[in-house]
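Report on the following structure.
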Amino acid sequence: MSKALCIRPALLPDLAALCRVRYAEMPGIHADRILASDGVASAYLVAARGQDIVGFGVLQIERPERWDDPHGQFPMVIDLFVDAAQRGQGYGRALLGAMEQLAAACGKAALHLSVEPLENPRALALYRRLGYAPLQDAPYHSQWRFTDSQGVEHSGAEWVIDMRKPLDKS
């Protein structure tokens with residue numbers, strides 16, 4: 001018998017399972033996201049089959065005061081990840097659908113996200129199938145940096161395309 005998929009808020013007891021899915025060496029990222037998730041300014045969701053977490057999604061509904069990202073449009077999906085062994089089963093679609101519903105319930109007209117089209121063509125194809133339209137013709141170079149609550153600094157750079165999808169608020 002197959003376990004049903006459940007999309008629900010991430011909880012602190014999920015920390016070890018989330019680290020097994022991604023960011024194993026950086027548990028502070030998950031802990032910070034769980035603690036910040038209030039369903040109003042941000043939401044951290046997990047895709048779970050029974051007790052197994054197979055993926056997660058982070059929706060930033062409102063721009064945090066500490067962010068200075070010049071490209072960010074909100075609400076924004078800031079992370080969406082499904083365990084490599086679980087991909088192709090609709091978990092990413094389900095997580096994104098839940099984030100779209102949450103953003104619409106908060107009165108938002110559209111949902112934004114960024115994708116690395118060369119590094120992650122599979123995600124780009126998924127987003128296009130789900131109605132997301134690119135906002136640029138070509139990728140641009142994006143850099144990011146933040147320090148988690150454990151004092152660990154994280155930074156990176158990537159070539160991304162921003163995408164947008166109008167939301168049905170009905």
Side-chain angles (χ1 to χ4, degrees), residues 1-62 64 66-67 72 74-108 111-116 119-132 144 146-156 158 160 163 165 167-169:
M1 176 189 262
S2 177
K3 299 174 190 171
L5 178 67
C6 173
I7 305 294
R8 61 169 176 76
L11 305 169
L12 283 174
D14 297 327
L15 192 58
L18 287 164
C19 288
R20 283 191 293 275
V21 173
R22 188 174 195 192
Y23 307 129
E25 68 287 356
M26 300 180 283
I29 289 177
H30 293 296
D32 291 351
R33 288 173 171 179
I34 292 169
L35 294 172
S37 180
D38 61 5
V40 176
S42 69
Y44 191 12
L45 304 176
V46 295
R49 292 192 64 193
Q51 298 300 314
D52 299 325
I53 292 179
V54 297
F56 61 83
V58 182
L59 173 63
Q60 192 63 48
I61 302 166
E62 301 291 341
R66 67 187 187 282
W67 283 21
F74 295 85
M76 176 192 298
V77 176
I78 60 170
D79 204 352
L80 177 64
F81 193 83
V82 173
D83 182 87
Q86 303 295 328
R87 292 180 185 155
Q89 299 182 52
Y91 302 140
R93 177 187 298 262
L95 280 162
L96 203 52
M99 288 188 280
E100 290 170 1
Q101 289 177 356
L102 182 55
C106 289
K108 304 302 182 179
L111 185 57
H112 301 87
L113 55 80
S114 295
V115 63
E116 293 180 86
E119 297 292 322
N120 202 350
R122 191 171 174 172
L124 176 63
L126 171 66
Y127 301 146
R128 285 182 186 265
R129 281 194 311 274
L130 295 178
Y132 287 81
W144 51 269
F146 68 94
T147 303
D148 67 28
S149 62
Q150 296 178 346
V152 177
E153 186 172 302
H154 306 274
S155 63
E158 51 201 3
V160 299
M163 301 183 85
K165 178 180 180 179
L167 297 174
D168 179 10
K169 293 195 251 184

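- In this structure, the side chains of Leu111 and Phe74 stay at 4.5 Å or more apart for every pair of heavy atoms.
- Minimum heavy-atom separation, Ala24 to Pro27: O-CD, 3.9 Å.
- With hydrogens and angles disregarded, no donor-acceptor distance shorter than 3.5 Å links the side chain of His112 to the backbone of Met76.
- Other residues, nucleotides and ligands place no more than 12 heavy atoms under 6.0 Å from the CD atom of Glu119.
- Checking side-chain atoms of Asp32 against main-chain N and O of Ile29 turns up no donor-acceptor pair under 3.5 Å.
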List the steps and the verdict of side-chain contact (heavy atoms from CB on, under 4.5 Å) for Tyr127 and Leu80. CA-CA 11 Å; Tyr127 301 146; Leu80 177 64; 3.6 Å; yes
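- Minimum heavy-atom separation, Val82 to Gly92: CG2-N, 3.6 Å.
- A salt bridge links Arg22 with Asp79: at least one charged nitrogen is closer than 4.0 Å to a carboxylate oxygen.
- Formation of a donor-acceptor pair under 3.5 Å by the Asp148 side chain with backbone atoms of Val152 is found in this model.
- A salt bridge does not link Arg20 to Asp14: none of the charged nitrogens lies less than 4.0 Å from a carboxylate oxygen.
- Looking at every heavy atom in both residues, Val46 comes nearest to Ala10 through CG1-CB, 3.7 Å.
- Atom CD1 of Ile34 is separated from atom OG of Ser42 by 11.5 Å, given to the nearest 0.5 angstrom.
- Using a 4.5 Å heavy-atom threshold, the side chains of Arg8 and Leu45 count as separate.
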Contacts table for residues 51-61: side-chain donor-acceptor under 3.5 angstrom, sequence neighbours left out:
| residue | atom | partner | partner atom | Å |
| --- | --- | --- | --- | --- |
| Gln60 | NE2 | Ala41 | O | 3.1 |
| Gln60 | NE2 | Glu62 | O | 2.9 |

I'd like a table of donor-acceptor pairs (distance under 3.5 Å, sequence neighbours excluded) in which one partner is a side-chain atom from residues 95-107, with atom names and distances.
| residue | atom | partner | partner atom | Å |
| --- | --- | --- | --- | --- |
| Glu100 | OE1 | Lys165 | NZ | 3.2 |
| Glu100 | OE2 | Tyr132 | OH | 2.7 |
| Glu100 | OE2 | Lys165 | NZ | 3.2 |

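- The side chain to side chain donor-acceptor pair (under 3.5 Å) search around Ser114 returns Asp162, not counting sequence neighbours.
- Between the His30 side chain and the Leu12 main chain, no donor and acceptor come within less than 3.5 Å of each other.
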Does Arg128 form a side-chain contact (heavy atoms from CB on, under 4.5 Å) with Leu124? I'd like the steps, not just the answer. CA-CA 6 Å; Arg128 285 182 186 265; Leu124 176 63; 3.9 Å; yes
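- Looking only at distances, no side-chain donor or acceptor of Arg49 sits under 3.5 Å from a matching main-chain atom of Leu5.
- Rounding to the nearest 0.5 Å places CE of Met26 at 13.0 Å from CG of Leu18.
- Considering Tyr23, Phe146, Trp144 in turn, Phe146 is the only one that fulfils the ring pair (Phe, Tyr, Trp, His ring centres under 6.0 Å) rule with His154.
- Residue-environment remark: CZ (Arg122) stays at or below the threshold of 12 foreign heavy atoms within 6.0 Å.
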